[in-house]
Amino acid sequence: MLSVLFSLSLWAQGPTATARAVATPPVIDGRLTDSAWLQTTPLTGFIQRELHEGAPVTERTEVRIITDGEALYVGAWLYDRDRAGIVAGAQVRDGDISKSDYFGLLLDTYHDRQNGFVFTTTPAGIAYDAQVVSEGEGGGVQLPGQTSVMAGALGGFNLNWDGTWTVETSVDSAGWYAEFRIPFTTLRFGAGELQTWGLNLVRSIRRKSEEAFWSFIPRQFSLMKISRAGNLDGIRVPSRRVWTVTPYALAGVERNYVTDTDARTRDEIGGEIKYGLTPSLTLDLTYNTDFAQVEVDEQRTNLTRFPLFFPEKRPFFLENAGTFSAGTPQAVDLFFTRRIGIDTLGQPVPIVGGGRLTGRVGSLTVGALQIFTEHQGYSVVRVGRELATRSRVGVIGVQRMATAQTADWNRVFGVDGRVGIRDPWTIDWWGAASAEPGPDGDVAAYSARVGYETQRWSNVARFIKVGSDFDPEVGFLNRRGGYRYYEAGLMWKQRFPSVSWLKEWLPHANYRGYYGLAGFWQEGRLHLDLTEFDLANGGRFGPEVNVEHQGLEQPFAIASGVTLPVGSYNFASIGFDLATNPSAPLSFSLRTDVGQFYSGTRRGGSATIGARRGSSFTASLLVEYNDVRLDQGDFTRTLVATRFAYFFTPRVLVQTLVQYSNQARLWTANARFGWLSTAGNGLFVVLNEGRAADGFFRWNEPQARSLIVKYTRQFGGRS
């Protein structure tokens, strides 16, 4: 027992590694045969987080780290006695690594134990990278019918960030190997030529549902638990300033059949400039900003009277996005970049240009953004400071102002913070006020959230108050007119080590309620799930019960010709979730809901079938169906989405997304060919088609069509 406690104490402190300096860097080919690697002492001693917490990794794992003053090199020897059992996964960048074996590293370059960069790969050789802010704790509100979107919501884990780095892998009879080159120009770090960074390393063996770390992480946390990382000494960073220029050229033809009598051509140039004012402070400039290569939004069914949340996907707005995060994600975002360059119908608005300044000035994290469209200017300033024990405090100011008239503006000012109490307790809070021309009203909003996370419990309590006149025009507000929101959640996590196929039993209950400022009960939802089981192979199943209240102060037109009258509605439903092993060549997930709904009933759900052939081909089919029968009328909601992707290599790919929604009466297709170089740059060919439709195969007149060819290339250097 004493030896176990001593080991846990060492894990809590974190181990220490040293980056060995070399004059001749290795060739990045995934084979790890260069002498620079063989002369470096390996890091070993990986400890499982899953499936058997605290046990050593079951397959031999060695990692070596070297540097040549220009980049950090990481080599991983991931031995495996069962080569046939290695799950390579798909070759898509930033794909779902939970479906495959993987190896990754986290770098806490400021050594503040809260923020960092993640670089990960799989046996298929994909590049998976992300920025982590405040240990990845977004703390957002997830509503029924919506997905949890931390990456694009300016939350704590920004998966859509794409850095410039290189990785290659190889596989042989002894296992698989990964070789990384991460240029210092891709990272941001503090002052000083010789530095110590935070470091953690992770290996996953998919067939065993095993995940092991170099610096031990308890099972209630993940790689993003930066305060549990070890240390990396011997980092000698360059003192020269870095710069990159990324121009693009675009040509294409497009037509909006509603407004255009003929197709029109597009011939554009533009690009971005990145300049390191200091090693920790970066200036980004953009001109004629274009996002033609970005995948279109997924269509969704909306059975509520409130707007849905769609994540940010545009690359320029995703880098260092966490710097500007303030408020409650997906509920009250004080700043939401999709308000810039996208109109209320989701159509793009040309961005003339602008700039962004992000990084560190002394102990302060700073961010400033200025963007111009043809008629509007958008300004954001953010200043924060990281404190001890996972704590921080910050302020933010956001402004929209019409360029033609100074009397058309909107501003929001906010202050926020976090208090971390050891590992389990986290307290988040924020307060804000909006301003615009005219008399002031109740323009304040504020929130407090308490979270408790251990191996056995995951609990949360939250309160939000939004004033009746609070209006963050460059933010996201899930409902207007003012409200008070109460949330309480309780989850118990129970393991059964003697049952090999069962990972965890997760009984939980949650209540979320919205109340008008005068006390009117707008909405309430009690969610009870006492039999949810996570399986060892990654699957899950379990029934649930939902008891809901909807209070309508105004008639609600839920469908064409179907309007619910003012009143209070109480109803209950039963749901069931089922998912099979997501890493299998063929996988399946199902969600069903049956029960009362307002004045009648609702039956339906969604089913997704996924298929994979090796690392080259993936496909999925989503079908969502709801049959709603109300006293005021009946209607159905159908949504179909198909995805196909073929990867010639991790950098040469074809992807398609075809969708149909009977709520929008719209059929859309998006096809993309990409020949990528670094950081998501390269050649793109994008075809978009939109048609009015009465079914997935019953198309009507076209509404929009475009064919775009875009080429971007990155140039860089030092000064």
Side-chain angles (χ1 to χ4, degrees), residues 2-22 25-26 32 36-49 53-57 60-69 71-78 103-120 132 135-136 178-182 184 187-203 211-218 221-238 279-280 386 388-390 420 422-423:
L2 290 177
S3 63
V4 171
L5 293 175
F6 178 71
S7 297
L8 290 173
S9 175
L10 289 179
W11 289 337
Q13 296 172 9
T16 296
T18 300
R20 177 174 171 266
V22 298
L32 299 171
W37 292 123
L38 303 179
Q39 297 171 9
T40 302
T41 302
L43 305 179
T44 58
F46 282 63
I47 302 297
Q48 291 188 48
R49 183 186 79 92
E53 183 186 42
V57 64
R60 180 181 167 194
T61 304
E62 298 179 356
V63 180
R64 294 169 171 85
I65 301 177
I66 59 180
T67 178
D68 63 351
L72 195 70
Y73 300 82
V74 179
W77 283 255
L78 307 161
F103 169 80
L105 63 144
L106 179 140
L107 296 174
D108 173 11
T109 54
Y110 289 110
H111 212 204
D112 59 16
R113 300 194 177 278
Q114 296 194 52
N115 308 290
F117 298 88
V118 170
F119 301 91
T120 305
V132 180
E135 295 198 311
E179 192 170 21
F180 296 72
R181 182 184 187 272
I182 304 171
F184 291 127
L187 306 171
R188 301 294 172 262
F189 37 81
E193 184 180 359
L194 190 63
Q195 301 191 4
T196 295
W197 294 351
L199 171 72
N200 210 346
L201 309 167
V202 58
R203 179 188 184 179
E211 188 182 50
F213 289 81
W214 173 66
S215 183
F216 175 69
I217 301 290
F221 303 120
S222 68
L223 180 64
M224 293 183 288
K225 191 66 175 177
I226 301 177
S227 56
R228 286 269 186 164
N231 300 312
L232 178 62
D233 296 335
I235 303 297
R236 190 172 299 276
V237 298
S280 58
E386 313 294 344
T389 64
R390 302 187 296 111
R422 298 185 180 275
D423 274 340

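Everything numeric here is computed off the predicted structure, so don't read it as measured data.
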Spatial distance of atom [atom1] ([X]) from atom [atom2] ([Y]) [nearest 0.5 Å]:
X: Q48; Y: F213; atom1: CD; atom2: CZ; answer: 11.0 Å
X: L199; Y: I235; atom1: CG; atom2: CD1; answer: 8.5 Å
X: L107; Y: I226; atom1: CG; atom2: CD1; answer: 10.0 Å
X: D108; Y: L232; atom1: CG; atom2: CG; answer: 10.5 Å
X: E179; Y: W37; atom1: CD; atom2: CH2; answer: 5.5 Å
X: R60; Y: F46; atom1: CZ; atom2: CZ; answer: 13.0 Å

Give a yes-or-no answer on whether the side chains of [X] and [Y] include a donor-acceptor pair shorter than 3.5 Å.
X: T18; Y: D233; answer: no
X: R203; Y: T61; answer: yes
X: D68; Y: Y73; answer: yes

Walk me through it: do L223 and E211 pass the test side-chain contact (heavy atoms from CB on, under 4.5 Å)?
-> CA-CA 10 Å; L223 180 64; E211 188 182 50; 5.9 Å; no

Shortest non-hydrogen contact from [X] to [Y]?
X: L72; Y: F184; value: N-CZ, 4.2 Å
X: R390; Y: G420; value: NH2-CA, 3.7 Å
X: R188; Y: T109; value: O-OG1, 2.5 Å
X: G190; Y: S280; value: CA-CB, 4.2 Å
X: A36; Y: R20; value: O-NH1, 3.2 Å
X: W214; Y: L43; value: NE1-CB, 3.9 Å

Taking S227 as the fixed residue, which of R113, R422, E135 is the one that meets the side chain to side chain donor-acceptor pair (under 3.5 Å) rule?
-> E135

Any side-chain heavy atom of [X] sitting closer than 4.5 Å to one from [Y]?
X: L105; Y: I182; answer: yes
X: F119; Y: V74; answer: no
X: P218; Y: K225; answer: no
X: P26; Y: I66; answer: yes

Applying side-chain contact (heavy atoms from CB on, under 4.5 Å), run through H111 and F189 and close with a yes or a no.
-> CA-CA 9 Å; H111 212 204; F189 37 81; over 6 Å; no

Would you find a donor on one side and an acceptor on the other, under 3.5 Å apart, between the side chain of [X] and the backbone of [Y]?
X: T16; Y: N231; value: no
X: N200; Y: S215; value: yes
X: R49; Y: I217; value: no

Any chance you could lay out the side-chain contact (heavy atoms from CB on, under 4.5 Å) test for V237 and L187, step after step, and finish with the verdict?
-> CA-CA 10 Å; V237 298; L187 306 171; over 6 Å; no

Could you walk me through whether W197 and F117 pass the side-chain contact (heavy atoms from CB on, under 4.5 Å) test, one step at a time?
-> CA-CA 11 Å; W197 294 351; F117 298 88; over 6 Å; no

